[in-house]
Amino acid sequence: MTMNADTNVAEASSELLPTLDYDAIVIGAGFAGLALIHYLRKLDLNVRVFDRASDVGGTWAWNHYPGAATDSESYYYCLTFSPELLQEWSWSKRYPGREETQSYMKFVADKCDMWPHIQLNTEIVEAKYLESRGCWQVTTGDGDVFTCKYFISGMGMISEPMIPKIAGMDRFKGPIFHSSRWPQQGLEYAGKRVGIIGAGATAVQMVPVVAETAESVTVFQRTPNYILPAMQKPMTPEWEAEIKNNYDAIVAKCRNHVFGMAFDSPVGRNAMDTPAEERQRIFEENWTGSFRWVFETFDDLLASPDANRMAGDFIAAKMRERVKDPKIADLLTPSFDDYPLFAKRPPLDHGYLEAFNRDNVHLIDIKEQEPLVEITETGVRTTRNDYEFDIIVLATGFKAYTGALEAFPIRGDGGHTLSEKWQAQSSSIMGVCVAGFPNMFVVTGPQAPFANLPTSIEQNAIWISRCINKMEREGLDVFEPQEDAEREWTAATSNIHEQTLMAEGDKVNSWMMGANRDDKGARVLIYFGGANAYYDALDQSADEGFPQLRFKKLS
Ligand code: NAP
């Protein structure tokens, strides 16, 4: 049922409603929305998924920039709840592009008859917990109001753009936009001068593709990245057969891996214990693309500073080999003295480094040589030069983990918002629940691991559906996430974080610590105890009847 959201009227009326519109409302029709439809429908729940995008896909519905592709390998960057789906879908290559991944998601929605549960082009502008009724009230941008028992965010952990405060941004006469808002109808960049601010994973994918036809591409780089080669390759019939004959094992591998990936690790050897020559041989032999290299060479690369330095040096040397101009190579390559490998999430590249060998691609060091001053009517001004552009792209990253949850008011107990709660610290219970927000679940919220996202999303959806199953079977109305459980998880997450090299991320604006945001301080955002250990913790919680939550009946 919908009503007009003249707020007072809406709230008063909804308080009187005898029934709820939905059992569960989910925001986000990406992997999380689709997984939740599957798992919650199995419980006979009436579930509604809203998304402001015009199609399913989440990240893959938004990121239309040229070159957008997955960095996880296709065959495990997918949902695994249906063996039939895994067998029926065929990937064309190792890392599918945006369109192929989105087509896969539409295929899932089609095959599983999910569309009746999905409402697109609908932005949610407020969600609030109605304490007296133990339910949530959700308001859309069009003023419709819906009620539900369970409110679930599937809005994604890297979805809310981080738009930097650069003077003069409203002055530029041409198109200027964030990379994840690349015009969906396409943008004619052939023959144009394109300025790209930012040099993270997004720019690394975008530059080589745009450079093929643009008159020029100029990248404004602040911090260099350790860039690993993607080494794209087509899916051959033999490879596909091997995958499809082994899907159970692949799914189990992801579930049991520290980063939720189908990698063959741990490998049982450390770089620090391996003689130099053999170490080099192992590094070389495993230089076959993807993040695999970090995990399938040695087990101590992210733990031991010395091993990390060796790995970083190896990557830097490989990067240099591909860039002709040694001065540009110097600018592009970081070293351990700047920051350790993985303190910032390393990009995977498909020809980014070679792009700088082209005459039409330029790299501007805005950290030391010529800091950025402002955007002008015609381009970008640094301390040394004025650069003229037809198009400016802000490839400046995202407000990871919490940004989407803070972008509109989500009000829990006492009307307090998540944004207010997370001013100093973004705490949660296992990234799935937040104290003070009853009957609300978050998929991959703050203090969840950073891992292959479909794996984490599905593990979260299973935990959520087990929790709801308990409530429905036992006639429970409300769950309240417990403060002490939240304190415990937050302390454990912080403790682990401090012992990792990732803690150095705040020195180099890493989004993995929220250190890239200009509206909040750096904080612990990620559980680095291993995705597999995290999935174990979720299972244990469900097996033990969810001790982190207090359940209530209202009457
Ligand atoms: P990012 O890694 O956070 O990079 C943002 C870039 O913008 C950095 O180079 C940053 O410089 C720069 N920047 C930010 N504010 C700036 C300012 N005020 N002035 C100048 N430069 C500024 O963002 P991203 O490239 O969008 O990637 C974010 C994450 O999204 C990735 O790490 C990845 O997890 C995900 N992603 C995934 C894929 C994929 O899997 N296929 C593709 C793209 C993105 P500093 O480094 O100096 O801060």
Side-chain angles (χ1 to χ4, degrees), residues 63-71 93-100 172 174-233 289 315 318-334 346-367 369-370 372 375 378-380 382 385-397:
N63 283 274
H64 279 247
Y65 64 83
T70 69
D71 279 351
K93 45 174 90 83
R94 189 178 189 182
Y95 312 94
R98 182 201 76 74
E99 281 182 20
E100 185 171 349
F172 183 63
I176 176 168
F177 48 83
H178 185 267
S179 53
S180 68
R181 297 297 181 267
W182 190 284
Q184 304 220 349
Q185 305 319 321
L187 173 78
E188 193 47 74
Y189 60 83
K192 304 265 171 72
R193 298 160 302 173
V194 182
I196 299 177
I197 299 178
T202 296
V204 166
Q205 289 188 336
M206 182 188 300
V207 167
V209 182
V210 175
E212 277 172 21
T213 54
E215 179 185 317
S216 65
V217 175
T218 305
V219 179
F220 294 88
Q221 173 193 278
R222 204 163 52 182
T223 312
N225 277 293
Y226 293 100
I227 296 176
L228 291 158
M231 299 199 190
Q232 178 70 287
K233 58 182 180 183
I315 295 171
K318 287 284 187 194
M319 287 173 64
R320 281 171 195 285
E321 282 172 12
R322 295 165 54 196
V323 183
K324 284 187 189 148
D325 181 339
K327 285 199 190 114
I328 299 290
D330 278 349
L331 288 179
L332 285 168
T333 43
L348 285 197
D349 95 290
H350 300 256
Y352 177 73
L353 297 168
E354 286 80 1
F356 290 96
N357 298 332
R358 301 174 67 115
D359 292 339
N360 69 335
V361 178
H362 314 289
L363 183 68
I364 310 299
D365 169 24
I366 53 170
K367 189 171 195 175
Q369 292 181 357
E370 44 180 311
L372 213 150
I375 291 180
T378 53
V380 171
T382 68
N385 287 301
D386 272 317
Y387 296 92
E388 296 209 339
F389 298 117
D390 303 303
I391 297 166
I392 296 178
V393 184
L394 304 169
T396 46

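Side-chain atoms are counted along with the backbone in the values below, which use heavy atoms only and exclude waters and symmetry mates.
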Item to check | Intermediate values then yes/no, side chain to side chain contact (heavy atoms under 4.5 Å, CB included), Val217 and Ile196 | outcome: CA-CA 7 Å; Val217 175; Ile196 299 177; 3.9 Å; yes
Next on the checklist: Is there a side chain to side chain contact (heavy atoms under 4.5 Å, CB included) between Ile364 and Val219? Walk through the geometry before answering.
Outcome noted: CA-CA 6 Å; Ile364 310 299; Val219 179; over 6 Å; no
Checklist entry - Rounded to the nearest 0.5 Å, how far apart are CG of Asn360 and CD of Glu212? => result 10.0 Å
Checklist outcome for this item: One should read off an interatomic distance between Phe220 CZ and Leu372 CG, to the nearest 0.5 angstrom, of 6.5 Å
Item to check | Side-chain heavy-atom pair Phe356, His362 within 4.5 angstrom cut-off | outcome: no
Item to check | Approximate separation, where rounding is to 0.5 Å, of Leu353 CG and Ile328 CD1 | outcome: 11.5 Å
Checklist entry - Under the 3.5 angstrom rule, does the side chain of Gln232 hit a backbone N or O of Tyr95 as a donor-acceptor pair? => result yes
Next on the checklist: Does Val204 form a side chain to side chain contact (heavy atoms under 4.5 Å, CB included) with Leu348? I'd like the steps, not just the answer.
Outcome noted: CA-CA 7 Å; Val204 166; Leu348 285 197; over 6 Å; no
Next on the checklist: Taking the side chain as everything from C-beta on, heavy atoms only, tell me whether Val393 gets closer than 4.5 Å to Tyr65.
Outcome noted: no
Checklist entry - Would you call Asp330 and Arg320 a salt bridge, taking side-chain N to carboxylate O under 4.0 Å as the test? => result yes
Next on the checklist: Please determine whether a side-chain nitrogen of the Lys or Arg among Arg193 and Glu215 lies less than 4.0 Å from a carboxylate oxygen of the Asp or Glu.
Outcome noted: no
Item to check | Pair Glu370-Asn385, side-chain donor/acceptor within less than 3.5 Å | outcome: yes
Checklist entry - Any side-chain donor paired with an acceptor under 3.5 Å for Asp349 and Gln205? => result no
Item to check | Expected output: side-chain Asp71 to main-chain Pro347 donor-acceptor under 3.5 Å | outcome: no
Item to check | Side chain Asn225, main chain Pro346, donor-acceptor under 3.5 Å | outcome: no
Item to check | 4.5 Å side-chain heavy-atom contact, Ile176 and Phe389 | outcome: no
Checklist entry - Going by heavy atoms in the side chains, are Leu187 and Pro175 under 4.5 Å from each other? => result yes
Checklist entry - Hey, is the main chain of Leu331 close enough, under 3.5 Å, to the side chain of Gln221 for a donor-acceptor pair? => result yes
Item to check | Shortest non-hydrogen separation from Gly198 to Ala203 and the atoms involved | outcome: O-CB, 3.3 Å
Checklist entry - From Tyr226 OH over to Met319 CE, what is the distance, rounded to the nearest 0.5 angstrom? => result 9.5 Å
Next on the checklist: Between His178 (side chain only) and Gly397 (backbone N and O only), is there a donor and an acceptor less than 3.5 Å apart?
Outcome noted: yes
Checklist entry - Are the side chain of Arg94 and the backbone N or O of Met231 linked by a donor-acceptor pair below 3.5 Å? => result yes
Checklist entry - Short question: side chain of Arg222, backbone of Asp365 - any donor-acceptor pair under 3.5 Å? => result no
Next on the checklist: Is the shortest side-chain heavy-atom distance between His350 and Pro229 below 4.5 Å?
Outcome noted: no
Checklist entry - Do the side chains of Ile197 and Thr396 get nearer than 4.5 Å, heavy atoms only? => result yes
Checklist entry - Hey, does the side chain of Glu388 reach the backbone of Asp390 with a donor-acceptor pair shorter than 3.5 angstrom? => result no
Item to check | CA sep, side-chain torsions, deciding dist, call: Ile392, Phe177, side chain to side chain contact (heavy atoms under 4.5 Å, CB included) | outcome: CA-CA 7 Å; Ile392 296 178; Phe177 48 83; over 6 Å; no
Next on the checklist: Could you tell me if the side chain of His64 sits less than 4.5 Å from the side chain of Arg98, heavy atoms only?
Outcome noted: yes
Checklist entry - Given side chains that start at C-beta, do those of Leu332 and Tyr352 come closer than 4.5 Å, heavy atoms only? => result yes
